[in-house]
Amino acid sequence: MNLRDHNQDFALSEELEKAEEAHFKNCPNAEFSLRLASTTVDLILTYLAIAGIQNSARAFTVFLSYVPSYTSKVSLLFVLSKWITSHASQISFLTELFLKAAFVYSYFIVSTAFSGGTPGKLLFGLRVLNFDSGKKLSSWTTTVRFLVAAVSGFLSCGVTYFIIFFNKETRAYHDIITQSCVKKVHGVR
Amino acid sequence: MILLVPINPEVPQVIKPKIWPSLVMVSLLILGFLTTMNTLNEDSEYVDTLEGKINAQAVSGNHLDSATEEYLSLRPLLKVSPAKKDWDFERLVKANFIHGSTSHLLLNLVGMFAGVRICMTFIPFLSSLVIFLIGGTLGLWVSVLCSNQISDYIPHVGASAGLFALMGTYYVFNFKFRTQYFFWLPIRRGFVCLRTSWFFFVDVILLELVLSAAQLFPDRVDSIDHIAHVVGFSSGVFLALTYRLIMKWPTFLQTRAEFVFWQLFADEKNHRKNSKFQVWLELLQINRYNDFLKLKLCHSISEYPSKLSDVELREAFKFFVPTFVRLNTPPVIKVIRALERANRAIPSRWLGRVPYDILIRLAKEMAKSSKDQRCLYKFLSDYKNVVGPTNSLNPNLDRLMTGIEIDLKKLDETDSLRAG
């Protein structure tokens, strides 16, 4: 016999979610050094991925340049492959652009909206949460947060990031705009 | 790899590899460079006379004409290194210790220092040297035969193929475990630990596979010998797998220290059921970072919870650190469930030190099954008793416990009515 009838109001998993959110809300804000470390790891991983995509695109251009050599000269495939060869660099460029955009989107936005942080933040036990409720951010808020961080960081040459150091709640400019914060959730008793 | 430098596998300080093997190999490379320095200078002067012609033909992608090829076939560097139309076994082996420039040498010195050092955790020095030579020679040989270049007399030199062989060996031995990387910031003492299987694969292997395929075409993506890297890596993987097969290395053991203990003291055929538990504990004393041994420990406790003493349980729970529980929650739940059903107490010291996020993670996992709710209630009650009345649980957990309590009372009433 199940302990719980599903018509009952009391829902175990919902109560636990609320308990987790309440716990996260009470967790301390991540200090500047931890945020800097997690951002450094993110930048390193992003650089490795972007450099990999770039090098792969260069190799891809080489492949596309030799496609006709491997197709029969008397076929539609040969005509198509000749077109591909003549536009090899454009095809390669567009593929590269798409892959880079897809990577940045999944790394910084999907990861934060789904898991609560980028891989660098998760590695250091940090979570990006709503400042008031302690809940995970929505996809839209995460996207806005990322765009604000990227644009403001670029325009100010990273100065807006270092506002964390002077902010009592260790929140950056993009955190304040989107009502978010970064909490240290691992190891808190 | 310079941005995140692999230092060693995640192992305790006492079984971290020593430095001397790395210094020996680094010295060999430096010696090789110094002894061939004159030959390199002569070769450079020899080739410089044709530089303009070679560059023009390289840009157009054509093969050099026969007169130039004949001239190049007499270049000094071919006395000690192989090329496509002029190679032999001795020069293939020697080429592992020759480098074309100081920068080439320096990069490979860093790689050699790290590569030999991290392999020493698993295999003896001589085995590392043999893998380096076989993998390096094979890598250079395939690269010499398969590379598509403007001349058949371009020498292939460098220790990269051998280094990739060592990387392949490391990949096989540490595949399921974590690698410690140095990352330049004074946080966590400047180290982060990442799973070897995915990070290594993405950072090294995937890229090399793509770029080596491009090397088969005349247009060069860069001047790096990717084919040698890939063949070297594959040779290292093959040799490491063969070594493990011959030595009958169990998959749940990470380091050589554990393997030696296993061979000398822990033959599985001679176990009584209880002593398996002792073996896992002893092995964890050697390497407390081995999560697979902890999983074996979880399995032992789940199977025979009544047979273990309180002291043994306390010793076992010491290894269930927060990171392990986060990554392996279901096996820990099985242990808690088994102890609860056998009316055994979870060690209070472990309970008292459980971080709150782990508590909620365990509770969420237990809440998935209605059969575990009694266990969940007992677990939360035990936690509450251990942390004391002054530290009250989060109000939601208090409500949760009250709700479960009401449910359990109803269930007990229903069961007693049925029995009556």
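All heavy atoms count here, side chains included; hydrogens, waters and symmetry mates do not. Residue numbering restarts at 1 for every chain, and letters A, B, ... go by the order of the sequence lines. Note that the structure is predicted; figures quoted are calculated from it, not measured.
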Tell me the closest heavy-atom pair linking B:D357 and A:V185, and the distance in Å.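 Looks like OD1-O, 3.4 Å.
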
Return the minimal non-hydrogen interatomic distance between A:L16 and B:A367, and the atom names on each side.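 For A:L16 versus B:A367, the nearest heavy atoms are CD1-CB, 3.5 Å.
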
Please indicate whether B:F319 has more than 12 foreign heavy atoms, meaning atoms of other residues, nucleotides or ligands, lying under 6.0 Å from its CZ.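 More than 12 within 6.0 Å, yes.
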
Contact leader toward chain A among B:L376, B:I360, B:T323, where contacts are heavy-atom pairs under 4.5 Å: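 Of the candidates given, the most pairs with chain A belong to B:I360.
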
Side chains of B:K364 and A:E20: closer than 4.5 Å at any heavy-atom pair?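 The answer is yes, as the side chains (C-beta and beyond) meet within the 4.5 Å cut-off.
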
Measure distances from B:L194 to the heavy atoms of chain A and classify the residue's part below 4.5 Å as side chain, backbone, both or neither.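 For B:L194, side-chain heavy atoms alone lie under 4.5 Å from chain A.
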
